[in-house]
Every structure is written in structure tokens, then in C-alpha cells.
Amino acid sequence: MRTILTMLLLALCAQLAFAQQLYTGLDADNYLGYASIHSQPASISGSLIKFGVTTSAGLFNISNYKAQNVNHLLGYQDNQAIKFREHSRGGYRHSHTSTDLIGLKYEFNHKFALAYGIRMRVFNIREGIPDEWALNDAKNYSDNAVLTSFAYNRLSMQRFRYLEHALTVGGVLVEKGENFLKAGLSLKLINGINAGFLYGQSGTMSFDNTTGSNAQLLSGDMNFGSSNDPQELDQRKLGFGTSVGMVYEFRPNPKQYLYDMDNETGIVRYDVPKYKFRMGFALTDIGRVKFTKASTTHDFRNDTTSIDAVSYTSGLIDPILYTQQAVAPTALRLPDKPTWSMNLPASLNLQFDYKIKDKWYANYSSAIPLHFPKDKNGVYLKMIHTVTPRYESAFFGAALPISIQANGQVNLGGAVRFQKKGATIFIGSNNITPFLGKRSIYNVSAFAGASFNILYKVPRDRDKDKVSDGVDECMYDPGPWVLKGCPDTDKDSIPDKEDNCIYDPGTKKYRGCPDRDGDGIIDLNDQCPDHAGLAVHYGCPDKDRDGVIDVADRCPDVPGIELNNGCPFENRGCCSDNDGDGISNEVDECPEVQGSVYNKGCPIDSSNIDKIPFQHAKQELDPNNTIEKVDEIVDVKRDATMIMNEKEIADAEKNFELYSLNVYFKFDDATVPANAQDEIDALITSMAKANKDAQFVIIGHTDYEGSENYNLILSRKRSEIVRRTLVNRGIPNNHIRVYYFGEWQPLKSNDNERGRQFNRRVEIRVMK
């Protein structure tokens, strides 16, 4: 396969004939869009552009004998601006304008694409101009330098204006391993607006010095036809054309263009060029339009009387203008057909594009015009051979085409493309030498266009977790696909955004918090997390169910009363207390049964324990100092970072010297907002420049909506989420201290929503 490709490449480089391109140097740009279709129909499929709409225009002129400078092109009538050059073959001047009124393309699945475009094209071609005429033309007909007759040979002039409707279909034929092959076909409906031709195999002509106005055809058989007649309506005609092309790409290391996303693996990237080199060929503009000759035009022979060809001031013979002059009656009319066909500017295009390294390319392009010297009824483009170094990215492209043209001129061109948010503009020329100080200009070209393109993209994934931002519910924090991209720090299958204890594995029943002893009290709130207990006792056990926790009960196996440290009470005779529970009969609602002071002297059991307001009662009564006793329990593991007083904050504020930032949260939410992500990045950048050893203090807060206990948990969760955000950005965990206060330290009043928004916050303080 590689041997065949090498041979094709050598054959391509050996071509000696080539034709002018529309967008020299830039049409190989992978981000150009629809405009590339003119030289290669296969470009619409397997491309980098999903959808595109384009409009553009180009002007191209070339001559092999008459040079101009910029002043003359701008309209200054300065004869010094004109230069005549001897040529080895007949003189010629070609002009061509092309305007894409609109061009649309759409790829359905990257392998199949459709495009539709409307283009206006105008050609003016003059070939076989005798030297005498060329010299006079180069002087802008300021004088008639030659007074005698001179010969012409194969004098040929064509003009063609048409509107083109093109429907193009493209598809990928092979995409396997290193090999990629695609093809495209354009079907064109041609609306021939007007056309004309004048062709003489040989004869003589002269200039009339008497009037200084007209060129004279003296002798020779002339083929002459035009579709226009001033006495008739324009005879517009329909025709058909086609273009076909194929492109091969060699793509080494195809695996490097695969990616995984949204639980799919091995997805092919369409957003970057994958080839090392690309080769293509295309047959373009194969077709013709059949016209009817205007009644005033026909083939003729003139050998007796001179016939005016055209006014000097209008330049060379224009067969369209000439129809407004009647052929002299003395001219012999030759037999001819009332119709003729105007051929489209057919060519064989060859392309080779080589990727030097990322975003840098070298391109060679040529096109062989399918035109013969005796073709008097067709238009074509003059040859140009171009080598183009090119830089391209999605946002910017630049090309410097170096061209050798049919008139022997070597020109340096330039082209640029800019793109932002899909809007694209491009402009260029295959000859920028006037801007470099060159005076003689034999080739003039310029093109410009604008388009809107929707490029293929790899789905954005800010947190690099292979879950695209479009479906990632936590786009700034990496997480697995099964949790929709949200992190699960403690690996308990509960995403952190729903987990109240993100560093401790738990269950969904308790919103991700653990309950090691299974007493229904999460460890965060359980002061005896390894011993099953009751909520009223902060999760600590009470074996004899007398309302006194075991660590404070002097008689843990015998029901007693709290006023007697959990032991039975002996009646001291001061008051009537039949059941000995320490509550006198006068206030004891269960005087014959031992009970608790927290239940008006009645027993506490499973039927009523959840209905008794212990927390409120303990604020009034705590004879055994239960809270202090809990602090003495050896296996209690309280969170060391939880601030319970103002002193630590005051000490921290004394050391505050660097930066601070408040991150505000939505109601009942612990997700860092997108704008805060950027603010945190800026904070870390500033900190890195000022003090790489800085310490971060994180303090979480909530508003007052919800219970104190819930808000304490929520503030802790917010603090931990911010801690993880800092760690993900490279801050060492040992440089971070976390505190949380729940609703206890509001920044603003909680009486209105505006104030509550300020209270739902996490403070980030950067300390020395």
C-alpha cells in the first residue's frame, strides 16, 4: 500500500500543467468549511465541521504581456504605470470572478454529508492576441503605434456568465486502522445568463489611425456567436455540470485519537486532523450550457471590407459588446448552426497535504485544465503551481502560498482565517508582492469570505473524570459515571453532595453518616459511638433503664433514681414517698411505682421515652452532671476541628495577614458554585505568588432555617467540600484546618432572605 502511495505522490509532483485555484493556499485549511468544496467535493464529509454556512467572493486576473502597478489599479491614468513584456506565445488576458451567494453543508454522522450552494461566475478570456495589438493595449491605446496590417493566429475570445446551483453528497468509504478514504459528488444546475465567443484561426487586422477609435478585422474566417441581442430578450439557458473527487488520508497511531466519555470507551475524535499526509484528486466543472445565437451574430468571412471590431476605449474585443454592431453587409456569411454549447471551466485537481507537526502543514496543489487550444466555445482558468506552508488551529489559520504561474511569474501570496465562537472570516491573495514594493503586477487576485461553522468537539470535561459537563452533576469535582460525575470521598456509594459525612462511610438511611453501634444515632452526634444507647443520653447506654447513663450510674444494674446517682432511694422520713423514687407523693403522678424525675415520677420505658422532652428538662435539671460525665468517657471521639467557642477564632484572626474569600451557597446545598470555582482559582494563584507555605482556615456557616443539629452537620459538609476543592487544586491537606458553626455565627440578620443568603457561606482565610 505504501509503495502505491509513494508512486502516486511522485506522479503528482511530476505534473507540469496546473490551473488557477479559487482560494490559493487556504483551500486546504481543515477549518475553512464550504469554500473547500470547489476544488474537492469530498471535503464535505469526514471533516472537522458539523454544520457550516458560507458566503465569499474572489477576483482573479492574469496577463502575460501587460503589467500594472497599484496606482493604475486604483484608477490613476498614468502611462508610466503600464509595462509591456515580450511573450513566447500569443498574448492573453484572463479575468474571473466567483461569488458564493450562499453555501450550506451538514454532516449527519461524520460519515455522510450533504451540501448546497449558489454561486455566480463571470469569465472574460482573450487568447492569441498579436504582439502589435498587445503593445497598443499595454499603452492603453494612447496612440496607434502600428499603422500597417498584422497577422493574427488562433485569436480566441470568450465571455461567460452563469449562476450555479450545486448539490453535493459526500461519504466515508473506508475508515480502518491507518487508512481513511472518502469521496464526493456534486450535481450542478447551470443557469446560463449570457455568453459569447469570437474565434479566428488566422487572418489580418490593423488599427485605424484616422479616427483613432477602432480596431479593424481585414481578412479571415471568424466563428462568432452571442446569446445577447439588443433587440431581443436575454436568452437564458439551462445546463448541467458535475464534479467528483476522492481523498485518501494516512493516519498513523489511530488509537491516540480515541477517548472515553460518559461510560463509553474508544470514541473516535472528530475535532482534530488525524492524518500524517493527505492526497486527493477531483474532476471539477464537467458540463456545458447550450445557447441560441442572437439574430445579429453568425459566422462570417471578411476579405473585401474592413469590419470594426471594437472601440479602443473598451479594450480588446468583447463579443458581448460586439453584438450591438451589425456585421457589415459586404461580409460573407458562412454556414453555421443556430446554437452552440459553452463548456464549463473543467479541470483535474490534485492535492497533497503533509502534516509537519502539530498545527504546521506543507501543501502542494495543482490542477490540469481540460481545455484544448482550438476549443472556441469554452472557458477555463490559467495554470498556477503552488507550494504552501500553513499554520492552522480552530481559532486561527495562516498560509503563505508560493506560486509559479502560467505567465512565468513567481509570486508570494498570503491568506488568514480568524474564528471565534463559530463566526469565521477569511481573506487572502496569491500575490502580495505589491505590498512588498514590487512595481510590475501581471497577476491580480483577492478573495474574502465569512462563515458560521459548528465544529465537532470532544465534550467538555472540566474535572477530567470522563463524565461530560452536559451530564455531570458535579462538573468541578471528579467522580464516577455511576454517580453522574459526583465524588464519593468515603466510597459508600453515596455522592458527597448527598452525604452529610463525606469522610466516613455510612448508609443512605442516615444520609451517608455511620452508626457503628447501630443505636439509630449517627456517630457525628453519638457521644458513645461504640456502645448502643439512647438519643436522650447522647447515644450512651443505660442498662437498667432508670434514666441514668451507665458511666454516671453508681448502680448500673439496679434501677434507681437520678437524684441518687442511679441507685434506689431510701426514704429518710421527711416526706411521703411510697415508691422510693425520690419524688414525694404530693407531686408523684405514679406514687406506687418508681419513676424518673423527668417523667413526673412515672417510669420511663419504650412506650414513652420518645415523647418526653428530655433536652428541655435537662436545661433545668441535671443533678448528676451527665454532660460532664459524658466528657469523661474514654472512648468518646469528638471532632477535634469543631470550634465550640470564640477563643480559637480570635486567636486565628490575630495571625490573619494574607487573603480571605467568602463562598456563598444556595439554600440547603453544599455544592461550590461555578463563579466561586474561578474565585478560588484566583485566590490560589495570588497565594502561590505571595506565600507558598500559607495555611488555609475554612469556617462553615448556615442560616437558621432547620434544626440546630442539622445546620451543624450542613455547615461541616460545606466546609469539607471546600477543603476537597482546595486539595484538588494542589493545596496540601495538612495546610488546611476546618471549622464549622452551623447557624451560631450569622453574618447578617436571618429575618429576611437577603440576610440569609450572606449567612449560607464558607469563609476561606489564608494565614501565614
Side-chain angles (χ1 to χ4, degrees), residues 17-24 38-39 57-68 72-73 82-85 87-99 119-131 133-134 137-138 140 152-162 194-200 284-285 310 314-321 342-349 365-386 401 403-411 413 429-431 440-447:
F18 27 83
Q20 187 177 22
Q21 300 172 10
L22 287 176
Y23 303 106
T24 305
H38 299 312
S39 58
L59 167 68
F60 311 90
N61 290 321
I62 184 173
S63 172
N64 67 343
Y65 66 86
K66 181 178 181 179
Q68 305 176 70
H72 185 75
L73 293 175
I82 309 302
K83 181 178 180 180
F84 174 76
R85 188 184 69 169
H87 48 83
S88 58
R89 292 178 292 177
Y92 61 78
R93 289 174 62 186
H94 279 223
S95 70
H96 166 217
T97 61
S98 173
T99 304
R119 179 166 59 152
M120 174 70 75
R121 305 185 78 178
V122 178
F123 294 86
N124 281 285
I125 297 177
R126 298 158 175 85
E127 292 275 355
I129 300 172
D131 288 349
W133 193 351
D137 180 43
N140 281 341
Y152 63 82
N153 184 39
R154 292 181 180 176
L155 178 63
S156 175
M157 303 182 185
Q158 295 91 14
R159 181 172 181 176
F160 192 13
R161 176 182 297 171
Y162 65 86
N194 57 47
F197 72 95
L198 179 69
Y199 178 81
T284 59
D285 295 313
V310 72
S314 64
L316 299 179
I317 293 176
D318 185 333
I320 305 303
L321 179 63
M342 203 71 176
N343 295 330
L344 301 182
S347 66
L348 170 62
N349 301 330
S365 297
S366 69
I368 304 170
L370 303 181
H371 170 78
F372 300 95
K374 293 185 179 181
D375 186 0
K376 54 182 176 294
N377 299 337
V379 293
Y380 60 99
L381 298 169
K382 295 301 290 186
M383 62 182 182
I384 182 173
H385 177 94
T386 306
S403 303
I404 303 176
Q405 304 203 41
N407 55 10
Q409 293 289 297
V410 178
N411 296 132
S429 170
N430 65 7
N431 186 6
S440 299
I441 307 170
Y442 290 89
N443 311 304
V444 177
S445 77
F447 60 84

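What you see is a predicted model; the values in this text were computed from it and never measured. Here, residue 1 is the first one in the sequence, and each next residue gets the next number. As a basis for the values below, the full set of heavy atoms in this structure was taken, side chains included, without hydrogen atoms, waters or symmetry mates.
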Nearest 0.5 Å, please: how far is [atom2] in [Y] from [atom1] in [X]?
X: Q158; Y: E127; atom1: CD; atom2: CD; result: 7.5 Å
X: N194; Y: R159; atom1: CG; atom2: CZ; result: 6.0 Å
X: M120; Y: T97; atom1: CE; atom2: OG1; result: 8.5 Å
X: L59; Y: F447; atom1: CG; atom2: CZ; result: 12.0 Å
X: T99; Y: R119; atom1: OG1; atom2: CZ; result: 9.5 Å

Atom of [X], atom of [Y] and distance for their closest heavy-atom approach:
X: G200; Y: Y152; result: O-CE1, 3.9 Å
X: F160; Y: A195; result: CD1-CB, 3.8 Å
X: N61; Y: S95; result: OD1-CB, 2.6 Å

Can you check whether [X] reaches [Y] side chain to side chain, under 4.5 Å on heavy atoms?
X: F123; Y: R161; value: no
X: P345; Y: R121; value: yes
X: L344; Y: Y162; value: yes

Side chains of [X] and [Y]: donor-acceptor distance under 3.5 Å anywhere?
X: N443; Y: N431; value: no
X: S347; Y: T284; value: yes
X: S445; Y: N430; value: yes

Q | With S63 via side chain to side chain contact (heavy atoms under 4.5 Å, CB included) - residues at least two apart | A | Y65, K66, R93

Q. Counting only N and O atoms by type, is there a donor-acceptor contact under 3.5 Å from the side chain of N349 to the main-chain atoms of S39?
A. yes

Q. Does Y92 offer a backbone N or O that forms a donor-acceptor pair with the side chain of N64 under 3.5 Å?
A. yes

